[in-house]
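Just below is one structure, and these are the notes that go with it.
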Amino acid sequence: MQDLKGMTLQTTLMHAPRSGSVEIIEDALIAIDSDGSISSVLKPDDPAYDEAHTAAQSANTLATTAPRQYLLPGFVDLHIHAPQWPQLGKALDVPLEVWLQQHTFPLEARYADADFARQVYQELVTSLLAHGTTSAVYFATIHQPATRILADICLQQGQRGFIGKVAMDNEDQCPDFYRDANAEAALEGTRAFVDYVLSMPGNSSALVRPVITPRFIPSCSDTALAGLGALAAEYDCHIQTHCSESDWEQAYVLDRTGRTDAQALDGFGLLGRHTVLAHSNFLSDDDMDLVRSRGSGVAHCPLSNVYFSNAVFPLRRALEKSVRVGLGTDISGGPSASMFESCRHAISASRNLEEGVDPTRPGKLRGTPDSRISFREAFHLATAGGADVLDILVGRFAKGYQFDAILVDADRPAAPIAVDEAWDSQDDILQKIINGATRANITTTWVAGRPVHQQN
Ligand code: GUN
Ligand code: FE
């Protein structure tokens, strides 16, 4: 499919603008401005439809998709460790604190080599676009040149990238070979990277944005955490960190600060409207109230939680408390780059939480009632929900939103999805896509109307 800036696309669209419900429009007409934003979405019964259709046809600006192809919003992956791409799928049999020291810090230290970084980051961004991830929230490493390379690559390849130079200066928790020299270095490096992104040539639409990135409380000194909170206020930019991830992690924070992660982060000025808290499995009700009152959001990473978190995130409870939530892959804590898989794991984790997992316990005592989420809710979280956490106009097909989208083809020979249009409802078809699609089904990915991944 071609560049859709300035075009009108006639297609079957499927999106989940509100949590819990989906909207599916056959033969929708989506008009896209020259800047890649959506100027109108028309249904066939709309009075303006026929005229818009004829006008686009005669201006030669009408594009159409084939039967059994479906347009979905691009995915918003709220939590990715870019440097961990070479580790995807391995080293998952040790706890978080061992995994960090034995596997992850040694790997991340290799990004002192800019050539290595360039090679990995090119492949990562290309792969994520092929998986339909149009907005990606990245932890990079402590290194200035490598992190700038990631920003350059997102801009070149056309991915919406939210990128942070990782800050980690705590001598007790970070090895000599991979640590900011001190709090000042962590803060200076963060400021330098933020300034770099804000003045990148070709980034006037803020496709790439800087993120203040304390790795997590254990990795950072109090001085660094407070300084990063002040920087976030100064620049009014996004913040990302890990929060209440595992038994070890939350116990460490409680022991060091006397507070929960959420309380401590708030004390350092790190809980704001644009904060993304990865995991947050152990948030208490009070923590959730605090997170909601600050307008911060959670990146729920269900697959990663299986390996590192000792518990399932209480997603339903968070949603009921109006905490904003999206989904993340947590590459490489989660060994899959696919946000379709994140949806599936969010659904199955919620079902396990609801039903319980220990067959020796009586049914009534086994689980946490009313915890399940539907495929519609998972789809919402992976698209519009994530966009709302970031406060950006993507994830829905509506006037004023950016045209960030994927085209899902049910008929790829290597990956057929058994859609029966005569028998399946539209809702069934979407459910089959959420439960069954892979990157092989994504024929085109667009960001702001520009095709950024294509397979014939
Ligand atoms: N906590 C601190 N660093 C990390 C990381 O790289 N991955 C995960 N899952 N948790 C962390
Ligand atoms: Fe993580």
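Both ligands and their constituent atoms are indexed starting at 1 by order of listing. Computation of the quantities below employed the complete heavy-atom set of this structure, encompassing side-chain atoms and omitting hydrogens, waters and symmetry-equivalent molecules. Numbers here simply count residues along the sequence, with the first being 1.
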Worksheet item: Applying a strict 4.0 Å limit to heavy atoms, is Glu249 in contact with ligand 1?
Response: no
Discussion item. Checking side chain to side chain donor-acceptor pair (under 3.5 Å) between His242 and each of Glu249, Arg215, His79, which is the one that passes?
Written reply: His79
Practice prompt. Decide yes or no for Val22 and Met14: does some side-chain heavy atom of the first lie under 4.5 Å from some side-chain heavy atom of the second?
Written response: no
Worksheet entry | Proximal atoms of ligand 1 relative to Phe216 (non-hydrogen, under 4.0 Å) | 1 (N), 2 (C)
Worksheet item: Around the Fe ion (ligand 2), what protein N, O or S atoms are found below 2.8 Å?
Response: His79 NE2, His81 NE2, His242 NE2, Asp330 OD1
Item to complete: Say whether Arg215, considering both its backbone and side-chain N or O atoms, lies within less than 3.5 Å of an N or O atom on ligand 1.
Response: yes
Discussion item. What I'd like to find out is whether the side chain of Phe139 reaches to under 4.5 Å of the side chain of Ile80, using heavy atoms alone.
Written reply: no
Worksheet item: By number and element, which atoms of ligand 1 are closer than 4.0 Å to a non-hydrogen atom of His279?
Response: 9 (N)
Practice prompt. Taking the side chain as every heavy atom from C-beta outward, state whether Leu430 and Ile24 have any atom pair closer than 4.5 Å.
Written response: yes
Worksheet entry | Thr329 versus Asp77, side-chain donor and acceptor atoms under 3.5 Å | yes
Practice prompt. Counting heavy atoms only, name the option from His81, Glu108, Glu97, His79 that's nearest to atom 5 (C) of ligand 1.
Written response: His81
Item to complete: Could you name each residue pair satisfying ring-ring contact (aromatic ring centres under 6.0 Å, His included) that touches residues 160-192, not counting sequence neighbours?
Response: Phe105-Tyr178, His143-Tyr178, Phe162-His238
Worksheet item: More than 12 heavy atoms of other residues, nucleotides or ligands under 6.0 Å from CG of Asp358: is that the case?
Response: yes
Item to complete: Give the numbers and elements of all ligand 1 atoms closer than 4.0 Å to a heavy atom of Glu245.
Response: 1 (N), 8 (C), 9 (N), 10 (N), 11 (C)
Item to complete: Verify, without hydrogens or angle tests, whether Ser350 (side chain) and Ile373 (backbone) share a donor-acceptor contact under 3.5 angstrom.
Response: yes
Worksheet entry | Within the 6.0 Å centroid threshold, strictly below: Tyr121 and Tyr111 | yes
Discussion item. At less than 4.0 angstrom from any non-hydrogen atom of Asp330, what atoms of ligand 1 do you find?
Written reply: 8 (C), 9 (N)
Response to the item:
With heavy atoms and a 4.0 Å threshold, my read on which part of Trp99 contacts ligand 1 is side chain
Worksheet item: Counting only heavy atoms not in Arg316, do more than 12 fall under 6.0 Å of its CZ?
Response: yes
Practice prompt. Check ligand 1 against Leu96 and write out every atom of the ligand that is under 4.0 Å from a heavy-atom position of the residue.
Written response: 8 (C), 10 (N), 11 (C)
